[in-house]
Amino acid sequence: MTTDDASTANARRRVRHEGGRHKQIKVLVNENEYESLAARAAACNLKLPSYLVLSGLQSLATGSGSPSMSPAQVRALVAEVYALKRVIRGSATNLNQLTKSAHATGEIPPEAWHHAARIAGMDERLDAVLDSIAPELRPRS
């Protein structure tokens, strides 16, 4: 059975090919890159190797000359944005409650610093997501 791999983007596995696949590629990534790739693969309901192959085989050419995003990449991006939103909302709620407690007692609870740091840490992740959408729109500093 031989069909186009791209047609199976929603499947957990790629389509089998007569004779199998005999070429292997080794890719080394750092921890952040691995987490990002794994999250994107999971958002597309794919295993990481399948996600990498399908992403690499996607056509990057568009009529405008700039790269386009595949549906799988868009789903992964949306999943990442919602994950960021969830973390920020939860930390902001906790920080708000801890601030109320600090006003009542006159002391800042130690866990307030943890939630403030989590919120501040989202800046880097948001920059990465925004850069993956349109790096040319990044404001100049």
Side-chain angles (χ1 to χ4, degrees), residues 1-105 107-141:
M1 168 196 315
T2 305
T3 61
D4 185 13
D5 283 342
S7 67
T8 63
N10 291 328
R12 189 77 177 139
R13 292 179 48 115
R14 288 182 293 145
V15 174
R16 294 185 186 271
H17 286 270
E18 281 185 40
R21 294 180 170 93
H22 301 289
K23 298 291 183 182
Q24 183 177 20
I25 301 170
K26 182 177 180 178
V27 179
L28 298 176
V29 294
N30 65 31
E31 190 64 32
N32 289 336
E33 292 167 335
Y34 179 84
E35 288 176 9
S36 179
L37 288 169
R40 290 172 183 228
C44 298
N45 197 29
L46 291 168
K47 292 185 179 179
L48 187 52
S50 293
Y51 174 79
L52 291 172
V53 170
L54 293 173
S55 295
L57 295 175
Q58 292 289 328
S59 171
L60 293 178
T62 64
S64 65
S66 63
S68 65
M69 295 178 75
S70 70
Q73 291 169 317
V74 171
R75 281 194 304 272
L77 189 60
V78 168
E80 177 72 8
V81 170
Y82 274 108
L84 290 168
K85 181 180 174 181
R86 210 170 20 257
V87 170
I88 291 170
R89 185 186 314 127
S91 289
T93 299
N94 291 340
L95 191 57
N96 189 36
Q97 292 169 349
L98 293 167
T99 302
K100 184 178 178 181
S101 171
H103 284 291
T105 65
E107 294 181 21
I108 299 174
E111 59 268 24
W113 301 112
H114 166 74
H115 292 291
R118 276 184 83 188
I119 293 169
M122 290 297 109
D123 187 49
E124 222 175 273
R125 282 180 69 185
L126 284 169
D127 281 345
V129 169
L130 293 172
D131 283 346
S132 71
I133 298 171
E136 69 278 1
L137 297 179
R138 182 184 260 277
R140 293 187 177 107
S141 14

### Pairwise distance CG(L52) to NZ(K47) - rounded to 0.5 angstrom
14.0 Å

### Query
If you measure from OG on S91 to CG on N96, what distance do you get to the nearest 0.5 Å?
12.0 Å

## Note on the structure
d(H115 NE2, I88 CD1) to nearest 0.5 Å is 14.0 Å

## Note on the structure
d(L98 CG, H114 NE2) to nearest 0.5 Å is 10.0 Å

### Task
Would you mind listing every side chain to side chain donor-acceptor pair (under 3.5 Å) that reaches into residues 79-88, with sequence neighbours excluded?
E80-R125

### Summary
By side chain to side chain contact (heavy atoms under 4.5 Å, CB included), V29 pairs with (sequence neighbours left out) V27, E33, Y34, L37

#### Entry: Over 12 foreign heavy atoms within 6.0 Å of CG, L48
yes

### Message
I'd like to check the side chain to side chain contact (heavy atoms under 4.5 Å, CB included) partners of A116; sequence neighbours left out, ordered by chain and number.
### Response
L95

